[in-house]
Asker: 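This is the structure I want to talk about, given as structure tokens.
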Amino acid sequence: MTSGSTLDAPADDPLHLQRLGRDPAFAAWVRRNVRPHRRPGYAIVTLSTKHQDQAPGDLSAARMQAIARWADDYSFGEVRVTQRQNPVLAQVRRTDLHALWCQAAAAGLATPNVGLLTDIVACPGGDYCSLANARSIPLTHAIQARFADQDLLERLGDLVVNCSGCMNGCAHHQLADIGIRGIDKQGAEYYQFGLGGSHGEETRFGIVIGPAVPAAEVPAALERLLSAYLAQRRVGEPFAATLQRIGSQPFATAAYGARERDPRPAPESLLPNKKQFSRK
Ligand code: SF4
């Protein structure tokens with residue numbers, strides 16, 4: 001979901017190129033969170049709710065009021081809420097992009113990760129849902145922390161990762177490049193990986209690649225799986241295309257093959273004795 005070249009040199013805003021060159025954070029946001037509008041002089045802005053400090057899709061009252069103000073000031077009073085758990089201001093003048101970015105960044109809604117791995121869709125999971133087998137939000141935060149390196153995220157490129165707390169699949173884990181589904185094994189939280197799901201013109205369910213792993217092992221297993229992708233992909237090849245070309249076995253081998261050798265400690269929030277929710 002990167003912006004097109006029309007945003008790189010808007011003829012109606014001579015300051016835009018200067019700002020892009022002067023401010024790398026603004027440039028990263030424009031590259032990731034802003035898309036061209038079919039009407040010249042306008043752009044589509046996605047406000048990211050995906051950050052380690054908040055549950056995906058959660059918005060406080062203050063943030064919602066801020067978004068309502070920005071909609072009035074910059075987008076003809078309109079804001080759209082998307083399945084990807086990010087609000088969208090669909091018609092922003094390109095001349096207003098920098099002013100909007102300044103305010104969105106101050107409000108914590110300008111993480112430049114739209115379409116990247118950390119833009120995870122997660123259901124409420126065991127923290128809030130009485131049907132859950134496992135929590136989704138702490139796992140999402142642990143993955144976001146593990147993949148905090150923006151350069152690595154950009155190398156991985158567009159990637160759909162969805163995490164559901166049970167088989168009901170409210171986060172549409174079955175339709176993601178990488179779907180993660182919570183499972184209860186004798187009271188402990190485990191998670192399955194499914195690969196190759198897609199929605200849109202080529203809708204298909206992902207295929208589960210192996211046994212569920214304990215919560216604490218998921219971020220490391222995901223990292224190994226994605227290292228296999230980086231090692232195997234051709235130049236510019238999206239994850240789904242690599243998966244179709246080589247099949248799921250290399251990813252499964254990577255994800256499960258080196259579990260005992262991972263040197264980094266598991267996030268405390270995912271340790272088995274931290275399971276706090278109770279099923280009703
Ligand atoms: S996927 Fe399961 S745990 Fe998540 S919100 Fe839906 S029913 Fe609840």
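Atoms within each ligand, like the ligands themselves, are counted from 1 in listed order. In this text the structure is predicted, and so the values were computed from the model without any measurement. Basis for what follows: all heavy atoms, side chains included, without hydrogens, waters or symmetry-related copies.
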Asker: Do any N/O/S atoms of Cys166 come under 2.8 Å of atom 2 (Fe) of ligand 1?
Answerer: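 So Cys166 does bind atom 2 (Fe) of ligand 1 by this criterion.
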
Asker: How close does the nearest protein non-hydrogen atom get to atom 1 (S) of ligand 1, and which residue and atom is it?
Answerer: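 Answer, as residue, atom name and distance: Cys170 N, 3.2 Å.
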
Asker: Starting from atom 5 (S) of ligand 1, locate the nearest protein heavy atom and write down its residue, its atom name and how far away it is, to 0.1 Å.
Answerer: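 Checked against all protein heavy atoms, atom 5 (S) of ligand 1 sits closest to Pro124 CD, 3.5 Å.
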
Asker: What distance do Asp96 atom CG and Asp73 atom CG have between them, rounded to the nearest 0.5 Å?
Answerer: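 Interatomic distance, Asp96 CG to Asp73 CG, rounded to 0.5 Å: 8.5 Å.
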
Asker: On the 0 to 90° scale, with breaks at 30° and 60°, tag the His37-Tyr42 ring pair as parallel, tilted or perpendicular.
Answerer: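 Geometry flag for Tyr42 against His37: tilted rings.
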
Asker: Report, as yes or no, whether the 6.0 Å neighbourhood of atom CD1 on Ile207 holds more than 12 heavy atoms from other residues, nucleotides or ligands.
Answerer: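 Counting other residues, nucleotides and ligands, CD1 of Ile207 stays at 12 neighbours or fewer.
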
Asker: Judged by atom type as modelled, is there a donor-acceptor pair below 3.5 Å linking the side chain of Asn162 to the main-chain atoms of His172?
Answerer: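 Present.
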
Asker: Look at the side chain of Tyr229 and the backbone N and O of Phe239, then say whether any donor-acceptor pair between them is shorter than 3.5 Å.
Answerer: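 Here the side-chain-to-backbone pair exists.
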
Asker: Find all atoms of ligand 1 within a distance of less than 4.0 Å from any non-hydrogen atom belonging to Cys123, and give their numbers and elements.
Answerer: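 In order of numbering, the contacting atoms are 1 (S), 3 (S), 4 (Fe), 5 (S).
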
Asker: Should you measure from each heavy atom of Gly169, which atoms of ligand 1 turn up under 4.0 Å away?
Answerer: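 Listed by number with element: 1 (S).
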
Asker: Of the backbone and side-chain N, O or S atoms of Cys129, does one lie nearer to atom 6 (Fe) of ligand 1 than 2.8 Å?
Answerer: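 No, Cys129 does not qualify, because none of its backbone or side-chain N, O or S atoms lies under 2.8 Å.
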
